[in-house]
Enquirer: 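Provided herewith is a single structure, encoded as structure tokens, for subsequent inquiry.
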Amino acid sequence: MLSSIATYEENTMATSAVPLKVLIVDDHEPTAKILMLAMDAAGCQVQAVFNSIAAIEVLDSYIPDIVLLDINMPDMDGYKLCEMLRDDTRLGNALFIAQTGWNSDGHRKLSKRAGFHHHLAKPIDIEILLSTINREIYSARLVESANGNR
């Protein structure tokens with residue numbers, strides 16, 4: 001897995017003048033930790049929280065460029081959390097990626113309606129995740145953040 005990340009590291013996140021900030025929100029800590037390792041290896045600054053309340057609270061000290069958000073969480077589902085976070089003006093340029101075990105067409109539609117830019121099914125394929133982010137780095141959503149204008 002790390003060799004795949006290293007390949008992408010040369011061409012993606014590590015080339016930004018300022019490392020991209022990633023927030024991982026997942027109540028399953030092993031999944032969050034794997035994603036943390038992958039994003040860190042790709043040259044990103046990473047913060048993980050394990051519930052929706054902590055995701056809201058962390059914004060007082062950490063404004064992410066990318067939010068990797070689980071959908072099925074006990075305190076507040078990821079759809080509702082995404083809607084709340086999208087309403088926060090500090091996250092106006094952030095990229096929201098659903099990472100979930102729910103992968104039906106209906107769930108994808110709900111993700112889009114909630115404001116997610118992408119919907120990835122668990123287990124997350126790190127190469128697909130990094131490729132998705134790489135495509136977005138050069139889009140309007142991340143240009144400002146990638147250039148260090150936070």
Enquirer: Drop me the distance from Ile63's CD1 to Arg90's CZ, to the nearest 0.5 angstrom.
Expert: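 So the CD1 of Ile63 and the CZ of Arg90 are separated by 4.0 Å.
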Enquirer: Are Ile97 and Val67 side-chain neighbours, meaning at least one heavy-atom pair lies under 4.5 Å?
Expert: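 The answer is no, as the side chains (C-beta and beyond) never meet within the 4.5 Å cut-off.
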Enquirer: Could you tell me the separation between the OG atom of Ser111 and the CG atom of Leu69, rounded to the nearest 0.5 Å?
Expert: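 One finds 9.0 Å between OG of Ser111 and CG of Leu69.
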Enquirer: Rounded to the nearest 0.5 Å, what separates atom CZ in Arg108 from atom CG in Leu120?
Expert: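 Output value for this atom pair is 7.5 Å.
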Enquirer: Before you tell me yes or no, could you show the steps for Tyr79 and Met84 under side-chain contact (heavy atoms from CB on, under 4.5 Å), namely the whole-Å CA-CA distance, both residues' side-chain angles and the distance that decides it to 0.1 Å?
Expert: CA-CA 9 Å; Tyr79 302 125; Met84 289 180 67; over 6 Å; no
Enquirer: Please list, chain by chain and in numerical order, all residues satisfying side chain to side chain contact (heavy atoms under 4.5 Å, CB included) with Asp75, sequence neighbours excluded.
Expert: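 Counting only residues at least two positions away or on another chain, Asp75 forms a side chain to side chain contact (heavy atoms under 4.5 Å, CB included) with Asn51, Ser52, Ile53, Met73.
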Enquirer: Side chains of Met36 and Ile24, heavy atoms from C-beta outward: is any pair under 4.5 Å?
Expert: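 Touching, per the 4.5 Å side-chain cut-off.
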Enquirer: Is any side-chain heavy atom of Lys112 closer than 4.5 Å to one of His117?
Expert: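 A side-chain contact is absent here, since even the closest heavy-atom pair is not under 4.5 Å.
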Enquirer: Rounded to the nearest 0.5 Å, how far apart are SG of Cys82 and CZ of Phe96?
Expert: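 With rounding to 0.5 Å, SG (Cys82) is 5.5 Å from CZ (Phe96).
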Enquirer: Among all residues two or more places apart in sequence or in another chain, which pass the salt bridge (charged side-chain N to carboxylate O under 4.0 Å, His left out) test with Lys122?
Expert: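 Residues passing salt bridge (charged side-chain N to carboxylate O under 4.0 Å, His left out) with Lys122: Asp26, Asp70.
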Enquirer: Given side chains that start at C-beta, do those of Leu95 and His118 come closer than 4.5 Å, heavy atoms only?
Expert: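 Yes; the side chains approach each other to less than 4.5 Å.
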Enquirer: So among Ile124, Leu130, Thr132, which one has a side-chain contact (heavy atoms from CB on, under 4.5 Å) with Ile128?
Expert: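 That would be Thr132; it is the only one of Ile124, Leu130, Thr132 passing the side-chain contact (heavy atoms from CB on, under 4.5 Å) with Ile128.
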Enquirer: Looking at Ala94 and Pro64, what are the two nearest heavy atoms and their distance?
Expert: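 It is CB-O, 3.8 Å.
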Enquirer: Are there more than 12 heavy atoms of other residues, nucleotides or ligands under 6.0 Å from atom CG of Asp87?
Expert: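 Atom CG in Asp87 is crowded, with more than 12 foreign heavy atoms closer than 6.0 Å.
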Enquirer: Is there side-chain contact between Phe50 and Val25, with heavy atoms separated by less than 4.5 Å?
Expert: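 Contact flag for Phe50/Val25 side chains = no.
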Enquirer: Nearest 0.5 Å, what's the CG-NZ distance between Leu23 and Lys21?
Expert: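 Taking CG in Leu23 and NZ in Lys21, the distance rounds to 11.0 Å.
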Enquirer: Report yes if some heavy atom in the side chain of Cys44 is under 4.5 Å from a heavy atom in the side chain of Val46; otherwise report no.
Expert: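 They are in contact (side-chain heavy atoms under 4.5 Å apart), so the answer is yes.
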Enquirer: Is there a donor-acceptor contact under 3.5 Å linking the side chains of Gln99 and His119?
Expert: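 No - no donor-acceptor pair under 3.5 Å links their side chains.
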Enquirer: Going through the distances and angles, do Gln45 and Tyr62 end up as a side-chain contact (heavy atoms from CB on, under 4.5 Å)?
Expert: CA-CA 10 Å; Gln45 243 182 11; Tyr62 187 82; 4.0 Å; yes
Enquirer: Taking C-beta and beyond as the side chain, do Val22 and Ile133 meet within less than 4.5 Å on heavy atoms?
Expert: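 No. Closest side-chain heavy atoms not under 4.5 Å.
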Enquirer: Which residues satisfy the salt bridge (charged side-chain N to carboxylate O under 4.0 Å, His left out) test with Arg113, sequence neighbours excluded?
Expert: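 Residues passing salt bridge (charged side-chain N to carboxylate O under 4.0 Å, His left out) with Arg113: none at all.
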Enquirer: If you round to the nearest 0.5 Å, how far is CD1 of Ile34 from CD1 of Ile126?
Expert: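 Atom-to-atom, Ile126:CD1 and Ile34:CD1 are 8.0 Å apart.
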